[in-house]
Amino acid sequence: MHKLSTRQRTLAASLTFSGYGVHSGQPVTLTIGPAPADSGFLICRELGDSRKTVPVPVHFSRITRTTLCTTLDLGDSVSVATIEHVTSALSGMGVDNALISLDGGECPILDGSARPFVEGIVSVGLDIQPAQRKYIKIMRAVTVRNNDAFAALEPYNGRSLDLEIDFDSKVIGRQRMIFDWSPRRYFEDVSAARTFGFVRDAKVLRQAGYALGSSLDNSITVHEDRILNPGGLRFEDEFVRHKLLDAIGDLSLGGLPIYGRFRSYKGGHALNAHVLTGLFSSDANYEIVSAEDLPLEFTALDDLPDGLAVNPYLRSVRS
């Protein structure tokens, strides 16, 4: 493992994305910028008239709703929905610190995946920071259940996710993906997987105020036994890959990357949030460890996608 891989990273420059919320249907502009070492992911919302909320940590303790997306309370009756694709891109690409700012109540859905955010990160590159990377090391298994669905965090020598989904749909059916994390694998195998929905649910969802911005441009749309999107699927198992993308984003709300294994069957945003609550319910379940204390064979830190520049930390020197 390269010595610099144990240092924290932030964006080398700010990125701006404009689009619509998949549920609200409202226009929104989102900016992701650099943040100081040890700050983690921070978020604030612009309220107009040059006012904005105080940046707060993107943390599971702020989750207020998990229906179809993850929604956070920023305080003072201000919330932000559908944060998981943004945090998935940051966590998946090995970013430790970032400031997220937006001028609406929901993050833009863009193409329905994390790929636009990830391509932006590659375009600006990352800066290495002086502080050591820290991880949440799973010491004792934690499992939460809802009937036959479950989510679990378990001790494991690495960062792995094992997800299985099972839908009553000939198009989807039962799919499973086992994913050992590295930024390159996330970029190639996960980031482009899009969110999905069913035509049969569309009317009820819209009456309830969801999916108002959903379209074939940002969601895989399933109707009976076929895909309505003209280009079809990006992956044969794109559905489980997107669930994995969501899980990476949701689990990042633990505040630090998780060193261990996540397993899920028929999971989703609610179970992802509950398993974090279970994890932090006892100090015996986890330890906060430095990257330097991880096994030397943990080379995933050095496995980067092509084109991602990582700028070394240069300590200023006064003569």
Side-chain angles (χ1 to χ4, degrees), residues 1-10 35-43 56-63 70 72 83-84 87-88 90-98 126 128-145 150-163 178-183 185-186 244 246-264 267 269-303 313:
M1 184 166 61
H2 194 281
K3 181 79 170 176
L4 287 178
S5 296
T6 67
R7 303 285 184 177
Q8 295 179 27
R9 299 179 184 190
T10 190
D38 292 323
S39 60
F41 301 157
L42 302 171
I43 187 167
V56 297
V58 177
H59 195 260
F60 75 94
S61 62
R62 293 185 172 274
I63 295 176
T70 296
L72 301 181
I83 187 66
E84 62 273 9
T87 56
S88 180
L90 292 168
S91 179
M93 293 295 283
V95 178
D96 299 285
N97 306 298
L126 302 177
I128 294 178
Q129 299 175 291
Q132 282 288 315
R133 280 179 153 167
K134 298 181 181 68
Y135 290 82
I136 300 167
K137 184 177 181 180
I138 307 301
M139 303 302 294
R140 190 168 65 177
V142 175
T143 303
V144 293
R145 299 183 181 276
F150 74 86
L153 286 167
E154 303 168 342
Y156 179 78
N157 188 21
R159 296 183 65 191
S160 179
L161 296 95
D162 181 349
L163 267 76
I178 300 174
F179 177 74
D180 289 317
W181 173 84
S182 78
R185 293 185 189 125
Y186 179 84
L244 194 146
D246 279 345
I248 291 172
D250 286 340
L251 293 175
S252 74
L253 272 63
L256 292 170
I258 290 173
Y259 187 80
R261 177 169 58 195
F262 173 75
R263 291 194 303 118
S264 174
H269 300 299
L271 281 176
N272 296 342
H274 289 322
V275 81
L276 285 176
T277 300
L279 175 68
F280 289 101
S281 67
S282 171
D283 291 344
N285 294 336
Y286 68 96
E287 286 184 358
I288 306 300
V289 300
S290 169
E292 286 191 335
D293 296 327
L294 297 178
L296 292 177
E297 59 267 27
F298 187 50
T299 56
L301 292 169
D302 298 313
D303 187 27
Y313 167 68

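All residue numbers refer to positions in the sequence shown, counting from 1. Source: prediction; values computed, not measured.
Remark: Asp302 CG to Ser5 OG distance equals 3.0 Å, nearest 0.5 Å. The OG1 atom of Thr277 sits 11.0 Å away from the CG atom of Leu271 when rounded to the nearest 0.5 Å. To the nearest 0.5 angstrom, Asn97 atom CG is 8.0 Å from Leu42 atom CG. Going from atom OG of Ser39 over to atom CD of Gln8 covers 8.0 Å, rounded to the nearest 0.5 Å. Residue Phe262 holds its CZ atom at 4.5 Å from CG of Asn272, rounded to the nearest 0.5 Å. Between the OH atom in Tyr156 and the CD1 atom in Ile258 there is a gap of 14.5 Å [rounded to 0.5 Å].
Smallest separation of non-hydrogen atoms from Val275 and Leu251: CG1-CD2, 4.2 Å. Here the shortest heavy-atom pairing between Leu279 and Leu153 reads CD2-CD1, 3.9 Å. Annotation for Thr70 and Asp250: closest pair OG1-OD1, 2.8 Å, computed over non-hydrogen atoms. The two residues Ser290 and Gln132 have their closest heavy-atom pair at OG-OE1, 3.3 Å. Closest approach of Ala247 to Leu163, counting heavy atoms only: CB-CD2, 4.3 Å. Minimum interatomic distance between Ser160 and Ile178 (heavy atoms only, all atoms of both residues): OG-CG2, 4.3 Å.
Inter-residue side-chain proximity for Ile136 and Ile288 is flagged as met; some heavy-atom pair is nearer than 4.5 Å. For the pair Tyr259/Asn157, a side-chain contact is recorded, criterion being any heavy-atom separation below 4.5 Å from C-beta on. Side-chain contact between Arg62 and Ile43: absent, with no pair of heavy atoms (C-beta onward) separated by less than 4.5 Å.
Taking the side-chain hydrogen bond (donor to acceptor under 3.5 Å, both in side chains) definition, one finds that Lys137 meets it with nothing, sequence neighbours left out.
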- Task: Verify side-chain contact (heavy atoms from CB on, under 4.5 Å) between Ile138 and Arg261, making sure each step is shown before the conclusion.
- Result: CA-CA 8 Å; Ile138 307 301; Arg261 177 169 58 195; over 6 Å; no
- Please test Arg9 against Val95 for side-chain contact (heavy atoms from CB on, under 4.5 Å), starting from the C-alpha separation and ending with a verdict. CA-CA 5 Å; Arg9 299 179 184 190; Val95 178; 5.7 Å; no
- Any chance you could lay out the side-chain contact (heavy atoms from CB on, under 4.5 Å) test for Leu301 and Arg133, step after step, and finish with the verdict? CA-CA 11 Å; Leu301 292 169; Arg133 280 179 153 167; 3.1 Å; yes
- Would you please test Ile63 and Leu72 for side-chain contact (heavy atoms from CB on, under 4.5 Å) and show each step? CA-CA 5 Å; Ile63 295 176; Leu72 301 181; 3.7 Å; yes
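Judged by distance alone, the side chains of Ser88 and Tyr186 do bring a donor and an acceptor atom under 3.5 Å apart. There is no side-chain donor-acceptor pair under 3.5 Å between Asp96 and Gln129.
Side-chain atoms of Ser264 do not come within 3.5 Å of backbone N or O of Ala151 as any donor-acceptor pair. Checked by atom type and distance alone, the side chain of Arg185 pairs as donor or acceptor with a backbone atom of Asp180 at under 3.5 Å. Judged purely by atom type and a 3.5 angstrom limit, Arg159 has no side-chain atom pairing as donor or acceptor with the backbone of Ser182.
Applying side chain to side chain contact (heavy atoms under 4.5 Å, CB included) to His274 and the options Val142, Thr143, Val144 leaves one that passes, Val144.
Using cut-offs of 30° and 60° for the angle between ring planes, the Phe280 and His59 rings count as tilted.
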